[in-house]
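The block underneath contains the structure these notes are about, expressed in structure tokens.
Remember, it's a predicted structure, so these values are computed and weren't measured experimentally. Every chain is numbered from 1 and lettered A, B, ... according to where its sequence line falls, protein lines coming before strand lines.
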Protein chains: 2
Amino acid sequence: MGKPTRVTNRIRALRFAAGEMTQAELADRVGVTRQTIIAVEQGRYSPSLEMAFQIARVFGVPLDDAFEYPKEA
Amino acid sequence: MGKPTRVTNRIRALRFAAGEMTQAELADRVGVTRQTIIAVEQGRYSPSLEMAFQIARVFGVPLDDAFEYPKEA
DNA sequence: CCCCGATGTCAGGTCTGTTTGACATCACGG
DNA sequence: CCGTGATGTCAAACAGACCTGACATCGGGG
């Protein structure tokens with residue numbers, strides 16, 4: 001139980017928008033584990049900046065489009 | 001000796017552009033340590049996505065403007 | 001000259017992102 | 001009915017981000 005990750009993402013939506021891309025395939029393309037994709041997709045924790053960049057790149061969208069950070073606590 | 005952080009940033013430039021903002025002040029505003037700012041600024045490691053968002057927000061720029069990720073290995 | 005603010009370094013320790021591997025469920029097709 | 005692909009869960013371990021605290025340097029003022 002650490003801090004709830006305030007960062008949200010649109011990975012799932014982007015996956016489906018990209019022709020029903022599977023979690024396993026995304027994980028493979030990004031170079032991480034399927035587990036990691038699941039955890040991030042579910043918002044259990046936020047990815048590293050590098051991983052965020054790679055994910056956004058896979059879908060061809062800017063970072064701010066794939067991930068969002070709410071205003072203040 | 002881990003992996004060299006492929007992510008680069010324009011923090012230093014942004015700091016000076018923002019009226020000579022000091023590392024300590026940025027650290028304070030972002031809510032991290034001065035050490036962390038130094039390390040990130042020097043590219044010793046890439047920040048978390050949350051921290052990246054906060055930094056970009058301090059300077060009022062989009063993520064992709066504050067941080068860059070080079071093409072391929 | 002001395003002090004102080006700003007930057008940088010080093011050592012150690014904590015926390016969380018990431019991995020590996022095993023396993024459960026559900027939908028689908030043969 | 002059985003097998004398989006996609007998703008999800010849990011546990012344990014490792015790695016890297018981040019912290020604390022101490023200290024070194026350099027430049028500018030008083």
### Message
OP1 or OP2 of C:dT18 versus the side-chain N and O atoms of A:R44: is any pair under 4.0 Å?
### Response
no

### Task
Check B:T5 against B:G43 and note the closest heavy-atom contact, atom names and distance.
CB-O, 4.0 Å

### Task
Map A:Y45 and B:M21 onto DNA chain C by nearest heavy atom, then report which one ends up closer to the 5' terminus.
B:M21

### Task
Would you mind reading off the distance between A:I37 atom CD1 and D:dG5 atom C1', rounded to a whole angstrom?
18 Å

### Task
Could you tell me whether the phosphate oxygens of C:dT18, OP1 or OP2, come under 4.0 Å of any side-chain nitrogen or oxygen in A:S48?
yes

### Query
Below 4.0 angstrom from OP1 or OP2 of D:dT7, is there any side-chain N or O of A:Q42?
no

### Task
Describe the nucleic acid contact of A:T22 in one word from base, sugar-phosphate, nothing, applying a heavy-atom distance below 4.0 Å.
sugar-phosphate

### Message
Do B:V61 and A:F67 land in one hydrophobic cluster if side-chain heavy atoms of ILVMFWY residues count as linked below 4.5 Å?
### Response
yes

### Task
Would you kindly give the CG-to-P distance between A:D28 and C:dT19, to the nearest whole Å?
12 Å

### Query
If you check the B:V40 side chain, which of C:dT18, D:dA17, D:dC18 turns out closest?
D:dC18

### Task
For D:dT7, take OP1 and OP2 only and decide whether either is under 4.0 Å from a side-chain N or O of A:R15.
yes

### Task
Rounded off to whole Å, could you give me the CZ-to-C1' distance for the B:R12 and C:dA6 pair?
10 Å

### Task
Verify side-chain contact (heavy atoms from CB on, under 4.5 Å) between A:I37 and A:M51, making sure each step is shown before the conclusion.
CA-CA 10 Å; A:I37 295 295; A:M51 185 180 166; 4.1 Å; yes

### Task
Starting at atom CD1 of A:I38, determine the distance to atom C1' of C:dA24, rounded to an integer number of angstrom.
12 Å

### Query
OP1 or OP2 of D:dA17 sitting under 4.0 Å from any side-chain N/O of B:S46?
yes

### Query
So which heavy atom on A:M21 is nearest to which on A:R29, and how close?
CE-NH2, 3.4 Å

### Message
If you compare every side-chain N and O of A:T33 against the phosphate oxygens of C:dT19 (OP1, OP2), does one of them come in below 4.0 Å?
### Response
yes

### Query
Can you check the B:L26 CG to C:dG5 C1' distance for me, whole Å?
17 Å

### Atom-to-atom span, CD1 of B:I55 to C1' of D:dA17 - whole angstrom
12 Å

### Euclidean distance, atom CZ of residue B:F16 to atom P of C:dA6 [Å, nearest integer]
11 Å

### Message
I want to check one thing: is the phosphate of D:dA22, taken as OP1 and OP2, less than 4.0 Å away from some side-chain N or O of B:R34?
### Response
no

### Task
Ignoring backbone atoms, test whether A:Q23 places a side-chain nitrogen or oxygen under 4.0 Å from the OP1 or OP2 oxygen of D:dG5.
no

### Nearest-Å distance for atom pair CD/C1', residues A:E41 and D:dA6
12 Å

### Query
Are the side chains of B:L26 and B:R15 in touch, meaning some heavy atoms are under 4.5 Å apart?
yes

